[in-house]
**Student:** 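I am attaching a structure below and will ask some questions about it afterwards.
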Number of protein chains: 4
Amino acid sequence: MARDQAVRALKRQIIVDAARSVFAEMGLEAASMRGIAAAAGCTTGAIYPYFRNKEELYAAVLSDGLTSLHEHLATASGNATDPRERVEIALRSYFAYYRSRPDELSLGLYLYHGLKPAGLTPELDRRLNRKLSQALDVIGDALAAYAGLDADARRMELCQVFSYLMGLLICDCTHRLRALGSNAEAMLDRYTADLLRRLAPH
Amino acid sequence: MARDQAVRALKRQIIVDAARSVFAEMGLEAASMRGIAAAAGCTTGAIYPYFRNKEELYAAVLSDGLTSLHEHLATASGNATDPRERVEIALRSYFAYYRSRPDELSLGLYLYHGLKPAGLTPELDRRLNRKLSQALDVIGDALAAYAGLDADARRMELCQVFSYLMGLLICDCTHRLRALGSNAEAMLDRYTADLLRRLAPH
Amino acid sequence: MARDQAVRALKRQIIVDAARSVFAEMGLEAASMRGIAAAAGCTTGAIYPYFRNKEELYAAVLSDGLTSLHEHLATASGNATDPRERVEIALRSYFAYYRSRPDELSLGLYLYHGLKPAGLTPELDRRLNRKLSQALDVIGDALAAYAGLDADARRMELCQVFSYLMGLLICDCTHRLRALGSNAEAMLDRYTADLLRRLAPH
Amino acid sequence: MARDQAVRALKRQIIVDAARSVFAEMGLEAASMRGIAAAAGCTTGAIYPYFRNKEELYAAVLSDGLTSLHEHLATASGNATDPRERVEIALRSYFAYYRSRPDELSLGLYLYHGLKPAGLTPELDRRLNRKLSQALDVIGDALAAYAGLDADARRMELCQVFSYLMGLLICDCTHRLRALGSNAEAMLDRYTADLLRRLAPH
DNA sequence: GATGAATGAGCTTTCATTCAT
DNA sequence: TATGAATGAAAGCTCATTCAT
């Protein structure tokens with residue numbers, strides 16, 4: 001029955017939400033399945049019909065986050081009135097999204113280390129990369145529309161912007177910018193202005 | 001005796017080196033004090049006279065790494081013949097340093113999450129930030145010399161470059177760039193060219 | 001309806017067969033109801049209408065095995081042309097049966113240990129002993145016919161032969177004979193010859 | 001210091017003894033490290049400096065048992081006054097040893113199944129086989145002395161006797177003999193008599 | 001009869017750290 | 001200083017079985 005499906009999806013979501021909050025609070029490795037189960041109001045065993053292991057649960061949290069990022073970017077970009085503003089909004093809303101959710105950014109970095117040699121299943125990894133790519137398209141489209149870029153140039157500029165934004169967020173959230181006496185918002189504004197000037201049509 | 005001091009420093013260094021290699025291989029949390037002791041050729045208990053706990057050992061490894069980064073940058077920059085080249089070399093050698101030591105980059109990110117609620121001791125944290133700042137000064141000096149920047153501008157530009165480089169390295173090492181169809185070296189070359197143009201004296 | 005009975009018997013048999021193969025592969029305790037259900041193409045819950053618990057399923061597998069042993073012995077003995085050959089064939093076919101099904105021999109030994117304090121239900125135990133006794137009668141009859149034994153002597157000789165054969169099979173399957181530098185087939189041939197000589201009429 | 005060695009050996013023995021009794025009571029797989037630790041009066045973690053895992057502990061229990069069997073056989077055989085009696089005593093004392101320690105016999109059978117795919121380490125397996133072989137030599141020597149056997153014949157007869165005794169003990173301890181209406185002691189007496197007659201010099 | 005999520009206890013093993021020696 | 005046994009908690013995961021559907 002569709003009813004059963006819905007109930008199952010709901011219960012699954014409860015677990016994912018619980019996992020997100022526990023991961024955020026304790027970090028990926030320090031978070032325990034017991035703790036997540038407790039937060040979800042069930043027993044450890046009750047998680048396993050939905051997620052084969054901790055890793056799959058982690059992937060679900062990441063996937064959820066990327067979906068939400070995508071929605072955030074798409075909504076914000078919808079408000080732009082001209083190509084220039086669209087770029088500004090795209091960058092600013094990406095920054096703002098993770099700025100207000102530092103745990104989510106942090107969580108994604110676990111893909112880099114920790115996480116057993118195996119890492120995420122290649123299949124899961126591919127799925128997450130696709131989602132990220134889709135979310136970033138909002139930025140890529142804005143850049144291309146503003147500067148009239150072909151596919152190759154669009155890819156290059158998008159990766160530059162993406163790298164910069166990630167670096168900015170990470171340096172900010174790890175308090176490195178503060179230690180160096182700088183400020184993330186001001187930096188982003190300046191970066192955006194330079195970018196728009198550099199890519200300005202003709 | 002000075003002799004005793006030297007012996008003590010040597011033993012300490014053996015432990016730090018062992019820790020670095022074990023951290024690199026297993027990640028910070030998966031690395032065990034037992035494993036590090038084994039790699040250092042001693043027993044667990046022998047570590048504690050030198051480091052109060054795993055965290056302090058981690059900090060020592062990070063500190064070592066920053067010293068080594070500093071030397072690497074300073075040496076490379078010494079070869080520059082003109083201000084423009086000096087900037088190019090500074091950026092490239094920073095990138096190259098972590099590119100060939102992805103584990104060291106990864107290790108630094110643990111500062112971001114996990115690592116007990118407490119994180120590193122504020123004192124240790126301050127010391128590490130100072131070392132990072134000193135290393136980055138090589139880049140900052142190159143930028144200032146090339147573009148004739150005042151203190152404020154220098155700080156801003158350095159942070160921009162630092163953020164970009166960190167983002168580039170992380171996106172590269174996590175294979176995000178590959179997934180997005182781009183290439184870190186080419187991106188860095190392009191970034192450097194744009195930077196030099198933007199900051200060019202007149 | 002008889003139809004329903006037949007369907008039920010069939011489904012039951014599917015489960016028993018699945019259990020046998022899983023028990024054989026993993027051992028009694030390592031085999032899980034989930035695994036057996038998967039092998040049988042059903043879910044865990046579907047097993048319980050047929051078997052109250054794992055133990056009952058185990059008993060069904062054993063019982064099946066004894067039936068099959070009985071058939072094996074009866075068929076083989078049917079080919080004998082004279083009493084002497086009948087004894088030889090009975091021993092050899094008993095040996096061959098378990099030799100080619102070491103898992104079944106192993107499975108029977110669980111009766112010896114593990115298996116919950118309770119062990120098998122006395123009722124089940126009695127039923128299994130009766131089946132074993134029937135199967136062994138093929139050997140007992142052969143011995144009695146060859147040597148003209150009365151009931152007491154028959155029982156004694158049968159138990160001796162049974163014990164020897166079990167010991168031989170177990171020592172062989174646990175590789176103890178190999179470790180001691182001996183060979184099960186040669187031993188059985190020699191044993192049979194001695195037995196026939198000892199029991200020879202007059 | 002030799003003192004330390006002695007203390008360590010003592011603590012180790014306490015754990016082995018505890019393990020034997022828990023294994024005997026619950027079976028190999030049902031016995032838990034927690035239970036063994038409790039029986040030994042320590043915590044689970046305290047077992048691991050002595051035994052790397054449950055399997056190694058199991059091997060130690062088996063090894064202990066074989067040593068004790070050897071002593072039992074050697075002591076008993078020492079009382080024999082003539083070759084014939086020596087054979088009788090060897091068989092009877094082997095039987096009596098396991099008859100009064102059915103758990104030890106049972107424990108050895110786990111080598112057959114259960115026990116993860118890996119089974120015992122080949123090295124451990126070899127060591128145990130060597131110990132068994134040494135213990136059985138007491139029987140083998142008695143047989144050879146009585147019947148004047150060469151090496152090949154000695155090996156064959158020893159394996160025959162060993163297989164029979166194992167089968168007899170197992171069939172007895174699993175209550176199969178009782179179910180078949182027979183009696184282990186009477187069977188052994190009869191078997192011994194037949195054996196002595198068959199192997200009698202000239 | 002069949003499903004499969006849920007229970008709740010259980011497992012072995014590992015960990016950082018301590019401390020008597 | 002160095003040893004390494006010991007602590008005590010905790011980890012992820014699996015289990016047989018139940019039961020609402």
Side-chain angles (χ1 to χ4, degrees), chain A residues 1 3-4 7-8 11-12 15 29-37 40-57 116, chain B residues 4 7-8 11-12 29-38 40-57 116, chain C residues 4 7-8 11-12 15 29-38 40-57 116, chain D residues 1 3-4 7-8 11-12 15 29-37 40-55 57 116:
Chain A
M1 280 214 283
R3 170 78 167 264
D4 289 356
V7 168
R8 189 181 154 88
K11 292 188 179 174
R12 197 192 122 105
I15 295 171
E29 327 219 10
S32 76
M33 294 300 272
R34 273 199 249 283
I36 293 169
C42 65
T43 57
T44 51
I47 295 179
Y48 287 82
Y50 298 92
F51 305 94
R52 269 207 295 264
N53 49 43
K54 200 178 171 182
E55 198 172 306
E56 221 172 271
L57 184 46
K116 306 290 149 24
Chain B
D4 289 355
V7 167
R8 186 180 156 89
K11 290 188 180 177
R12 196 191 123 105
E29 330 220 7
S32 74
M33 293 299 270
R34 267 202 257 290
I36 293 168
C42 64
T43 57
T44 51
I47 295 180
Y48 286 81
Y50 298 91
F51 304 94
R52 269 208 300 259
N53 50 40
K54 199 178 169 181
E55 205 169 306
E56 224 172 87
L57 186 46
K116 304 291 157 41
Chain C
D4 289 354
V7 167
R8 187 180 156 88
K11 290 188 180 175
R12 195 190 123 105
I15 295 172
E29 328 219 9
S32 75
M33 293 300 270
R34 267 204 255 292
I36 293 168
C42 65
T43 56
T44 50
I47 295 179
Y48 286 81
Y50 298 92
F51 304 94
R52 271 207 300 258
N53 50 41
K54 199 178 170 182
E55 204 169 306
E56 223 173 271
L57 186 45
K116 306 291 154 41
Chain D
M1 279 213 286
R3 170 77 167 265
D4 288 357
V7 168
R8 189 180 154 89
K11 291 188 180 175
R12 196 191 123 106
I15 295 172
E29 329 220 6
S32 76
M33 293 300 271
R34 271 201 252 282
I36 293 168
C42 65
T43 59
T44 51
I47 295 179
Y48 287 81
Y50 298 91
F51 304 94
R52 268 207 297 265
N53 49 42
K54 199 177 171 182
E55 198 171 306
L57 184 46
K116 306 291 151 19

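It should be emphasised that the depicted structure is a prediction, and the values quoted were computed from it without experimental measurement. Here is how names work: the chains are called A, B, and so on, in the same order as the sequence lines, proteins then strands, and each is numbered from 1.
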**Student:** Mapping Thr43(C) and Arg52(B) to their closest nucleotides on DNA chain E, which lands nearer the 5' end?
**Tutor:** Thr43(C)
**Student:** State whether the side chain of Lys54(B) and the backbone N or O of Ser32(B) hold a donor-acceptor pair below 3.5 Å, judged by distance alone.
**Tutor:** no
**Student:** In Å and rounded to the nearest 0.5 Å, what is the OH to CG distance from Tyr50(A) to Leu57(A)?
**Tutor:** 13.0 Å
**Student:** Take the protein atom OH of Tyr48(B) and the nucleotide atom P of dT21(E), then report the distance between them rounded to whole Å.
**Tutor:** 21 Å
**Student:** Without decimals, in angstroms, what is the distance between Ile47(D) CD1 and dG8(F) P?
**Tutor:** 14 Å
**Student:** Return the 5'-most residue of the pair Ala46(C), Ala31(D) with respect to DNA chain E, ranking by each residue's nearest nucleotide.
**Tutor:** Ala46(C)
**Student:** Which sits closer to the 5' end of DNA chain F, Cys42(B) or Tyr50(D), going by the nucleotide each is nearest to?
**Tutor:** Cys42(B)
**Student:** Round to a whole Å and report the spacing from CE of Met33(B) to P of dA2(F).
**Tutor:** 14 Å
**Student:** Is the phosphate of dA11(F) approached by Ser32(A) (side-chain N or O, under 4.0 Å from OP1 or OP2)?
**Tutor:** yes
**Student:** Starting at CZ of Phe51(D) and ending at P of dA5(F), how long is that distance when rounded to a whole Å?
**Tutor:** 12 Å
**Student:** Paired with dA20(F): which nucleotide, if any, by Watson-Crick or G-U wobble criteria at under 3.5 Å for both distances?
**Tutor:** dT3(E)
**Student:** Let me know, please, whether Thr44(C) or Lys11(D) comes out on the 5' side of the other along DNA chain F by nearest nucleotide.
**Tutor:** Lys11(D)
**Student:** Counting heavy atoms not belonging to Arg8(A), are there more than 12 under 6.0 Å from its CZ?
**Tutor:** yes
**Student:** Report the distance from atom CD of Glu29(B) to atom P of dA11(F), rounded to the nearest whole Å.
**Tutor:** 13 Å
**Student:** Specify the separation, in whole Å, of atom CD1 of Ile36(B) and atom P of dT14(E).
**Tutor:** 17 Å
**Student:** Taking NZ from Lys54(C) and C1' from dT17(F), how many angstroms apart are they, rounded to a whole number?
**Tutor:** 12 Å
**Student:** Got a second to check how far Tyr48(C)'s OH is from Ile15(C)'s CD1, nearest 0.5 Å?
**Tutor:** 11.0 Å
**Student:** Respond yes when some side-chain nitrogen or oxygen of Arg34(A) is under 4.0 Å from OP1 or OP2 of dG12(F), and no when none is.
**Tutor:** no
**Student:** Paired with dG8(F): which nucleotide, if any, by Watson-Crick or G-U wobble criteria at under 3.5 Å for both distances?
**Tutor:** dC15(E)
**Student:** Taking CG from Asn53(C) and P from dT17(F), how many angstroms apart are they, rounded to a whole number?
**Tutor:** 5 Å
**Student:** Could you state the interatomic distance from CZ (Arg34(A)) to CD1 (Ile47(A)), rounded to the nearest 0.5 Å?
**Tutor:** 11.0 Å
**Student:** Between Arg8(B) and dT1(F), is there a contact of a side-chain N or O with OP1 or OP2 at under 4.0 Å?
**Tutor:** yes
